[in-house]
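So the structure is just underneath, and the comments pick up after that.
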Amino acid sequence: MKAIDREIWRLTLPSIVSNITVPLLGLCDVTIMGHVGGATHIGAIAVGSMIFNVMYWLFGFLRMGTSGLTAQAFGRQAAHALSDGESSTLDILHGSLLSALLLGAAIVVLQVPLQLLTFWLMQPTPDVSALCTPYYYTCVWGAPAVLGLYALTGWLVGMQDTRLPMMIAIGQNVVNIVASLLLVLVFHLGVQGVALGTLIAQWAGFGFALLSILRSVKVKVGSDKQRRFFATFLTFHFSLLTNGRVYLEIFLRTVCLVAVNLYFTSAGAVQGAEILAANTLLMQLFTLFSYVMDGLAFAGEALAGKSYGAADLRQLHHTVGHLFAWGGGVAVLFTVAYWLGGTAFLGLLTSDRQVVATAAAYLPWAVLIPVAGTAAFVWDGVFIGITATRGMLLACLVAAVSFFALWLLFSPSLQNHALWLALIAYLALRGIVQTVYYRGVRSKRAGQ
């Protein structure tokens with residue numbers, strides 16, 4: 001195996017483990033309530049988790065923007081001394097972390113209007129709302145920790161380290177499980193105990209990450225740099241204002257993603273409970289594939305950003321080629337696995353034979369997900385690394401418009417098949433547009 005391939009998988013494998021552990025925080029809460037409470041308790045946890053998942057997803061630019069900018073600064077520092085006006089990796093850490101903490105504090109300050117807005121949008125039943133309210137008002141105090149960890153994780157990925165984020169993710173789940181079980185089973189706090197367990201886990205993860213980075217900074221860059229870290233931490237030396245375009249374009253791109261994902265679920269629900277259940281089962285195939293491809297995208301962020309920051313375009317294109325080679329191999333494996341074992345997998349998720357039969361009718365669409373989505377995943381990682389965020393936004397906007405257009409055009413005749421057609425086209429178009437955009441960037445760079 002070549003050195004570049006070893007680097008790709010050194011970064012990819014820990015990221016895959018981290019991705020798998022992410023949904024466990026919410027799954028743990030639901031499982032505990034499922035054993036000690038009823039359907040209303042489960043519904044309250046589900047609604048509360050969804051509120052924060054969507055809210056925090058919109059702030060994903062803190063992780064992605066920090067990752068790309070840090071990787072480029074890391075590449076510049078490795079290749080040559082920084083010139084005046086260029087930002088170091090520590091500069092980026094200062095500003096990104098401060099920005100995250102300020103945004104998290106804003107969520108805490110605005111918690112009441114945000115709660116009224118989200119409950120109005122989701123329309124939970126009165127009994128679910130009554131239980132969900134204390135869950136919300138407890139977990140909202142974790143916003144600074146969650147967003148702060150976004151910034152720290154992005155910085156670590158940019159510094160070519162995905163192992164520490166993996167350890168943090170695992171540690172968070174252990175803390176969440178232990179704290180939630182203790183608070184619910186021993187202190188009998190119910191939903192409030194689950195919320196407190198989640199809150200403790202969030203702050204524990206953030207604290208561990210921050211202390212680990214401070215220790216790393218002390219060891220690697222010495223006391224002078226460490227004193228500079230504390231001196232500049234309280235300033236907006238490298239803030240949202242400095243990189244507003246990057247953050248804004250990632251934010252708008254995330255809005256497009258959220259719109260498509262939420263509408264996909266909504267359009268399935270309108271067609272009845274059976275179709276909604278079938279689509280939900282089939283989307284688990286997409287989720288499994290995304291765990292691996294997101295890990296590969298993280299490697300793309302770190303390695304592409306490093307090469308781009310060092311102005312080594314030859315190495316950048318070399319890295320992109322190897323990322324696509326591995327991505328293509330993963331797509332083939334998942335496609336074969338889904339084609340041969342998709343129906344059996346659906347049977348593991350539910351004992352309802354009618355739902356499995358309904359899902360099987362749409363399984364061929366889900367089998368196309370790896371082939372249609374591979375380019376989008378790989379390019380997302382590369383584009384984050386080189387901060388080509390405008391290309392990401394353009395691709396997602398074109399794909400989202402196409403998604404809604406295809407659904408409106410074909411839904412009267414194809415019903416749920418039209419929904420899946422729109423989703424596959426959406427995934428494929430993201431990759432196609434980004435491919436064209438990258439070729440334009442490459443030609444422009446070659447001509448300079």
Side-chain angles (χ1 to χ4, degrees), residues 11-34 45-46 48-60 62-64 66-67 93 96-97 100-101 103-105 107-108 135-159 161-187 189 191-216 287 290-292 294-295 298:
L11 295 166
T12 297
L13 290 177
S15 297
I16 293 173
V17 175
S18 298
N19 291 337
I20 292 173
T21 63
V22 168
L24 292 181
L25 279 171
L27 181 62
C28 170
D29 294 346
V30 171
T31 301
I32 292 173
M33 280 296 94
I45 297 297
S49 298
M50 184 177 295
I51 288 173
F52 287 108
N53 287 342
V54 173
M55 186 186 302
Y56 292 146
W57 194 7
L58 292 173
F59 288 100
L62 287 167
R63 190 208 65 77
M64 290 183 280
T66 302
S67 175
L93 175 61
S96 297
L97 181 56
L101 293 176
L103 287 171
I107 291 176
V108 173
Y135 179 92
Y136 169 88
Y137 281 115
T138 299
C139 286
V140 74
W141 289 94
V146 173
L147 299 188
L149 187 55
Y150 278 9
L152 297 180
T153 300
W155 189 80
L156 287 168
V157 172
M159 294 295 288
D161 182 3
T162 57
R163 187 170 177 271
L164 182 54
M166 176 190 71
M167 295 171 61
I168 294 167
I170 294 172
Q172 272 192 314
N173 279 283
V174 172
V175 171
N176 185 42
I177 292 171
V178 172
S180 295
L181 287 173
L182 183 66
L183 292 167
V184 173
L185 299 182
V186 177
F187 293 97
L189 295 180
V191 172
Q192 187 75 11
V194 168
L196 284 171
T198 299
L199 182 65
I200 292 169
Q202 289 168 341
W203 279 104
F206 173 71
F208 178 71
L210 185 59
L211 290 175
S212 298
I213 289 175
L214 289 176
R215 181 183 177 187
S216 175
T287 300
S290 71
Y291 287 154
V292 177
D294 273 336
F298 272 45

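Just so you know, these numbers use all the heavy atoms, side chains as well, and skip hydrogens, waters and symmetry mates. Note that the structure is predicted; figures quoted are calculated from it, not measured. Nothing fancy with the numbering, it's 1 onward along the sequence.
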Next item on the list: Hey, could you give me the CG/CG distance between Leu93 and Leu156, rounded to the nearest 0.5 Å?
Entry: 8.5 Å

Check: Hey, does the side chain of Thr66 reach the backbone of Leu62 with a donor-acceptor pair shorter than 3.5 angstrom?
Finding: yes

Note to self: Taking side-chain contact (heavy atoms from CB on, under 4.5 Å) as the definition, give me every residue that meets it alongside Thr162, ordered by chain and number, with sequence neighbours left out.
What the structure shows: Leu11, Pro14, Ser15, Val157

Note to self: So, taking the atom named CG in Leu196 and the one named CG in Asn176, what distance separates them when rounded to the nearest 0.5 Å?
What the structure shows: 11.0 Å

Donor-acceptor pairs under 3.5 Å, side chain of residues 139-153 to any protein atom, not counting sequence neighbours: which ones?
from: Trp141; atom 1: NE1; to: Tyr137; atom 2: O; distance (Å): 3.4
from: Thr153; atom 1: OG1; to: Leu149; atom 2: O; distance (Å): 2.8

Checklist line | Where Gln202 and Gln172 come nearest, the two heavy atoms and their spacing | finding: CA-NE2, 3.5 Å

Next item on the list: Say whether, by atom type as modelled, one donor and one acceptor occur between the side chain of Ser67 and the main chain of Met64 under 3.5 angstrom.
Entry: no

Next item on the list: Rounded to the nearest 0.5 Å, what's the gap from CH2 on Trp155 to CG on Leu97? Could you check?
Entry: 11.0 Å

Item checked: From CG (Leu210) to CH2 (Trp203), nearest 0.5 Å -> 10.0 Å

Next item on the list: Take atom CE of Met55 as the centre, draw a 6.0 Å sphere, and report whether it contains more than 12 heavy atoms from other residues, nucleotides or ligands.
Entry: yes

Item checked: Gap separating the CG atom of Asp294 from the OG1 atom of Thr12, nearest 0.5 angstrom -> 10.5 Å

Check: Looking at OG1 of Thr198 and CZ of Phe52, how far apart are the two atoms once the value is rounded to the nearest 0.5 Å?
Finding: 9.5 Å

Next item on the list: Given side chain to side chain contact (heavy atoms under 4.5 Å, CB included), test Val17 with Leu13 step by step and report yes or no.
Entry: CA-CA 7 Å; Val17 175; Leu13 290 177; 5.9 Å; no

Check: Which residue, Ile168, Val174, Ile16, Asn173, forms the side-chain contact (heavy atoms from CB on, under 4.5 Å) with Thr21?
Finding: Asn173

Margin query: Checking Met167 now: which residues fulfil side-chain contact (heavy atoms from CB on, under 4.5 Å) with it, not counting sequence neighbours?
Written below: Arg163

